[in-house]
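Structure first, commentary second.
Scope of the values below: all heavy atoms of this structure, side chains included, with no hydrogens, waters or symmetry mates.
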Protein chains: 2
Amino acid sequence: MVDTTTPRTTRRRIETRRRLLDSAVEVFSEKGFGRTTVDDVCTRAGFTRGAFYSNFVSLDELFLTVWEERSDAFLASAEATVDEANQDPVTSLEEGIDRLLELSAIDDRWARIEWEFTAHALRTPGLREVMAAREERISELLLRILDRAMNHVNLRITDRAAFAAALIAVHDGTTVQMLIEPDPDAARERRRNLFLAVVQTYTEAAAS
Amino acid sequence: MVDTTTPRTTRRRIETRRRLLDSAVEVFSEKGFGRTTVDDVCTRAGFTRGAFYSNFVSLDELFLTVWEERSDAFLASAEATVDEANQDPVTSLEEGIDRLLELSAIDDRWARIEWEFTAHALRTPGLREVMAAREERISELLLRILDRAMNHVNLRITDRAAFAAALIAVHDGTTVQMLIEPDPDAARERRRNLFLAVVQTYTEAAAS
DNA sequence: CACCTTCAATACGTTTTTGTATCCAATACA
DNA sequence: TGTATTGGATACAAAAACGTATTGAAGGTG
């Protein structure tokens, strides 16, 4: 009796999945998920549909895989940055904000895909929980970063959950503005100020 | 010589367009714009595709029309509320926030469509400007409301453009959270507090 | 190196979706 | 009320997209 459900992971398979996933990012960001066909992705990757169906069961699965992979990569790289940052603590609130913004800086392409995925998740019951769980992980990571940073600037977080949620909300809300507004620099500056305001709202002077 | 480009607006035509537009809202929110076919919309409305092609040239046009119509309706109703509010001025900051949130309260269905439209606009050059213009109008309306309200609670807005943009960003960002998080009440409460914080950030005591 | 497995290519039929051209019932108008 | 126009239904052809069954070469295994 052989396991027919999960195919073995050979080198070839890994490479093929890799190219399909990368192509998916390109095509999804250009045409949107809904208007993308299986063939679009395959053609872009230089495969035929045979390759696709041998690696995924549906575009939905592909989209979820792409999204989870990239989200994981983001979290991992963020973790790494945090570790580095421990050797080089922030000296001011402003510097902390800038580091945070730099950390979450994402390219337009990926921002579009995230937006699209959220829209997709909003109408797909199973995905809502997946997104909520992911947001929870981001929230935790964020708080780990903030805890340390706040120490260095002598501040104390008042409401941890609300703080993290506020930062995420502001991040998301300002992202569209930066992509849509004719003057992206102004939007960037406004975003920075808003972040600063949020930090000041959810922290207070720490007893030293 | 008769004008063949713009068909006359007869009663029947108006009614048909109405039903198609309403059905589009339903279907788009259920399946997403990208996965919706012309026939989906027609069937839901009780028409055949003939009706559609006699009223619209493409699904893109339909989507834009739906979005603009609803946005206009929102702006108009908001204007009306503002006029009413003039007879009944706010007495506290908290009350003002609650009114603002009530004003922008939208149903899940429409929230999903707006998200979807934004995703669509982010990759459709022409639509980006349309959205930017719309945001500008919302910003103006918002400031008209705020100017009056701030008077009553004896506050002064420091940076008008940044204030409006911040409120819109926070509104958008917290909307997803309310739709995705397992505990919507907590999200609602956090949203309220965040709004309050933003108001306090972008205002100062007015010289009386 | 010979054998066996794997997996993308190919080929196939089917379903879905599209847009148009034509027709006829509803409706506007005089 | 009679007549002309309008607008949605119908029918049609074409294209797009799907999913599967089969094949053969590449890659792994003993």
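- Formation of a donor-acceptor pair under 3.5 Å by the A/Arg137 side chain with backbone atoms of A/Asp72 is not found in this model.
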Protein heavy-atom contacts under 4.0 Å, written 5' to 3' over nucleotides 11-25 of chain D as B (base), S (sugar-phosphate only) or - (none), form the string ------SBBB-----
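- In this structure, the CZ atom of B/Phe56 is 14 Å from the C1' atom of D/dG8, given to the nearest Å.
- Residues B/Glu30 and A/Arg123 come closest through the heavy atom pair O-CD, 3.5 Å.
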Stepwise side chain to side chain contact (heavy atoms under 4.5 Å, CB included) test for B/Leu103 and B/Ile145: CA-CA 11 Å; B/Leu103 183 67; B/Ile145 296 174; 3.7 Å; yes
Could you walk me through whether A/Leu122 and B/Glu116 pass side chain to side chain contact (heavy atoms under 4.5 Å, CB included), step by step? CA-CA 10 Å; A/Leu122 284 179; B/Glu116 186 98 12; over 6 Å; no
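- Each of B/Phe28, B/Phe33, B/Phe63 was scored for a ring pair (Phe, Tyr, Trp, His ring centres under 6.0 Å) with B/Phe117, with one residue passing: B/Phe63.
- The interatomic distance linking B/Asp60 (CG) with C/dT18 (P) rounds to 12 Å, in whole Å.
- A side-chain donor-acceptor contact under 3.5 Å links B/Asp40 and B/Thr37.
- For A/Ile14 and C/dA8, the CD1 to P distance is 11 Å, given to the nearest whole Å.
- Of all non-hydrogen atoms in B/Ala166 and B/Tyr202, the two that sit nearest each other are CB-CE1, 3.8 Å.
- Across D/dG8, C/dA8, D/dG28, the shortest atom-to-atom separation from the side chain of A/Ser54 is found for C/dA8.
- In the helix from C/dC1-D/dG30 to C/dA30-D/dT1, the rotation axis of the first five pairs and that of the last five pairs differ in direction by 30°, rounded to 10 degrees.
- In this structure, A/Arg13 places its CZ atom 4 Å from P of C/dC7, rounding to the nearest Å.
- Without hydrogens or angle criteria, A/Arg128 side chain to A/Ala121 main chain gives no donor-acceptor distance under 3.5 Å.
- Rounded to whole angstrom, the span from the CD atom of B/Glu15 across to the P atom of C/dT27 amounts to 11 Å.
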Verify salt bridge (charged side-chain N to carboxylate O under 4.0 Å, His left out) between B/Glu69 and B/Arg17, making sure each step is shown before the conclusion. CA-CA 12 Å; B/Glu69 192 184 70; B/Arg17 283 179 65 94; over 6 Å; no
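- Going from atom CG of A/Asn55 over to atom C1' of C/dT6 covers 11 Å, rounded to whole Å.
- Here A/Thr10 reaches the OP1 or OP2 of C/dC7: one of its side-chain N or O atoms lies under 4.0 Å away.
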